[in-house]
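The block underneath contains the structure these notes are about, expressed in structure tokens.
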Amino acid sequence: MNAKNLSGRALEKALASKLDELLRGVGWLKGWRVQRVDGAPDPGYDLLASLPLPGGGRADLCVECKSELRPSAFRAMANKNFSPPGRPKMTVPVLALPWVSRRMAELCVENGWSWFDLAGNHRLSVPGFLHLQHTGNAPVHARQRPTANLSTPEAGRVIRALLLPDNAGMRWTQREMQNHSQPNVSLGLVNKVVRHLRDEAFIDGTEDGFRLRDPLRLLFAWRDAYRFDRHERHGYFTLLKGEKLRDALASLVLQTGGFTTYAAFSAAEFQAPHVRQAKTWLYVRERDLPRFEHLVEAKQVESGENLVVLIPDDDGVFYLSDGGTMGDHRMSCTNAVQTYVDLSHCGGRGEEAAEALLEQRLKPEWRLHGLSV
């Protein structure tokens, strides 16, 4: 990776060369040109690529070059209108950076912008005429490290609180988030995570208050960062079935103070029934395993399991468990956000069940709070 940062004219020249290379890769495309834009007044873009259209006229790619841009800053420029000379039939705004992150690429697409970077990753789209897309190239230029690591248990505690539909309409202070995250995290950690989520345009607000803006993309970002493999997995077998098993588990959750819960497929059966399977999935703290084995009459096995016990690496998985033992006298479930990310990683038909939970439960509840999904 080249750690030397390009800026100004040197960056514009490098990006112009990369755009030229991408267009040259389209064998049938003829008569196009890429030029740098100078002079006053400033048209608001740095490069202009003119592409002749089959029926006459041209499409202009107006390219804004930046050495660095946070997703939160892109939102402020997303509605810019470019007016290149000569009245082209079509004008396409394009963002060019040394490196375009996945989040930035998402925002470009959502706002009708094309984009490319120095690594050759790109999405260049002229509606009805041209669509070029490629991702996966490693950065060739130094990029700024993220403020926070979303894969850590501590970051997960903040994200769970934000994404839970019951909290979706809340406006938070960092102190309120610290007190709400379970187990509690330091105020410094909350500050790091909040700054990162604001930079990535997942939340709106200032240091004094913030609220969730883009729940779906934040959920996907957390899902992709989530480390399901940090939970220990054990197979158990019990002869208890049906109502006897349900009652034994209800007693267990009472004796463990709520630190035992249905997980993954078993939680989804209550939250958005879609994929049925014979095994019962649970989160049980390691200290509570002897009590679990006694009440459920379960023995650990190498094969033939009908109970899947996950020992969590962090008690945050129990945050605001869904349901409870009141009324229907059953064990609670992990909240729907936790269930979704677990299903996405647990194999089998987990991704299918996660998608059903997203469509049947999470999206409708976020919409009720006025969030766009």
Side-chain angles (χ1 to χ4, degrees), residues 151-157 159-160 164 181-185 226-271 275-350 353-354 357:
S151 71
T152 65
E154 293 78 13
R157 298 174 199 170
I159 295 170
R160 282 188 197 92
L164 196 70
S181 302
Q182 297 295 328
N184 286 154
V185 296
Y226 185 68
R227 291 288 305 278
F228 185 71
D229 60 340
R230 287 178 173 161
H231 307 311
E232 290 184 31
R233 175 173 170 169
H234 299 283
Y236 279 85
F237 180 81
T238 179
L239 291 173
L240 297 184
K241 295 181 180 180
E243 186 175 347
K244 288 186 177 180
L245 177 59
R246 186 192 67 180
D247 290 346
L249 291 173
S251 297
L252 176 65
V253 74
L254 289 174
Q255 292 191 28
T256 60
F259 287 97
T260 309
T261 187
Y262 285 119
F265 290 100
S266 297
E269 287 183 9
F270 294 102
Q271 294 165 334
V275 176
R276 298 286 183 179
Q277 56 134 31
K279 297 178 183 178
T280 299
W281 291 64
L282 310 166
Y283 271 119
V284 181
R285 289 190 303 183
E286 187 170 21
R287 74 184 75 171
D288 295 318
L289 279 178
R291 185 178 283 111
F292 156 75
E293 292 171 354
H294 173 71
L295 286 173
V296 184
E297 301 175 22
K299 294 188 179 298
Q300 194 165 346
V301 294
E302 295 295 329
S303 62
E305 64 192 30
N306 58 8
L307 299 171
V308 179
V309 173
L310 302 171
I311 301 176
D313 78 324
D314 180 71
D315 284 351
V317 300
F318 300 109
Y319 173 74
L320 291 185
S321 298
D322 186 2
T325 58
M326 294 185 295
D328 58 0
H329 187 66
R330 67 162 173 85
M331 176 181 280
S332 59
C333 306
T334 51
N335 70 62
V337 173
Q338 183 68 47
T339 304
Y340 173 87
V341 294
D342 286 337
L343 284 169
S344 299
H345 290 274
C346 67
R349 298 176 66 187
L357 181 63

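Predicted, not measured: the structure shown is a model, and the values here were computed from it.
Annotation for Ala264 and Leu343: closest pair C-CD2, 3.5 Å, computed over non-hydrogen atoms. Taking every heavy atom of both residues into account, Ser251 and Leu295 meet most closely at C-CD1, 4.2 Å. Taking every heavy atom of both residues into account, Met331 and Leu249 meet most closely at CE-O, 3.3 Å. Annotation for Cys333 and Thr261: closest pair C-OG1, 3.0 Å, computed over non-hydrogen atoms. Counting all heavy atoms, side chain and backbone alike, Leu320 lies closest to Leu164 at CD1-CD2, 3.3 Å.
Figure legend: Arg285 and Phe259 shown as a cation-pi pair, the cationic atom lying under 6.0 angstrom from the six-membered ring centre and within 45 degrees of its axis. A cation-pi arrangement is present between Arg330 and Phe270 under the rule of less than 6.0 angstrom and at most 45 degrees off the ring axis.
With sequence neighbours excluded, the residues that form a salt bridge (Lys or Arg N to Asp or Glu O under 4.0 Å) with Asp314 are Arg157. For Lys244, the side chain to side chain donor-acceptor pair (under 3.5 Å) criterion is met by no residue, not counting sequence neighbours. For Thr256, the side chain to side chain donor-acceptor pair (under 3.5 Å) partners at least two apart in sequence or on another chain are Thr260.
For the salt bridge (charged side-chain N to carboxylate O under 4.0 Å, His left out) condition, the pairs that include at least one residue of residues 290-303, sequence neighbours left out, are Asp288-Arg291. Listed by first and then second residue, the salt bridge (charged side-chain N to carboxylate O under 4.0 Å, His left out) pairs involving residues 249-270 are Glu269-Arg276 (not counting sequence neighbours). Listed by first and then second residue, the ring-ring contact (aromatic ring centres under 6.0 Å, His included) pairs that reach into residues 277-305 are His231-Tyr283, Tyr236-Phe292, Phe265-Trp281, sequence neighbours excluded.
The closest side-chain heavy-atom distance from Asp342 to His345 is not below 4.5 Å. Proximity of Tyr226 to Ser344: side-chain heavy atoms (C-beta onward) are nowhere separated by under 4.5 Å.
Expressed to the nearest 0.5 Å, how far CZ of Arg287 lies from CG of Leu289 amounts to 11.0 Å. Here the CG atom belonging to Asp229 is positioned 13.0 Å from the SG atom belonging to Cys346, to the nearest 0.5 angstrom. Atom OG1 of Thr152 is separated from atom CG of Asp313 by 10.0 Å, given to the nearest 0.5 angstrom.
Between the Thr334 side chain and the Ala263 main chain, no donor and acceptor come within less than 3.5 Å of each other. Side chain of Asn335 to main chain of Tyr319: a donor-acceptor pair is present (N/O by atom type, distance under 3.5 Å, no hydrogens or angles). Remark: the backbone N or O of Thr238 is paired with a side-chain donor or acceptor of Asn306 at under 3.5 angstrom.
With no hydrogens or angles considered, no side-chain donor-acceptor pair links Ser266 and Thr280 at under 3.5 Å.
Screening Gln300, His234, Arg233 for a side-chain contact (heavy atoms from CB on, under 4.5 Å) with Glu305, the sole residue that qualifies is Arg233.
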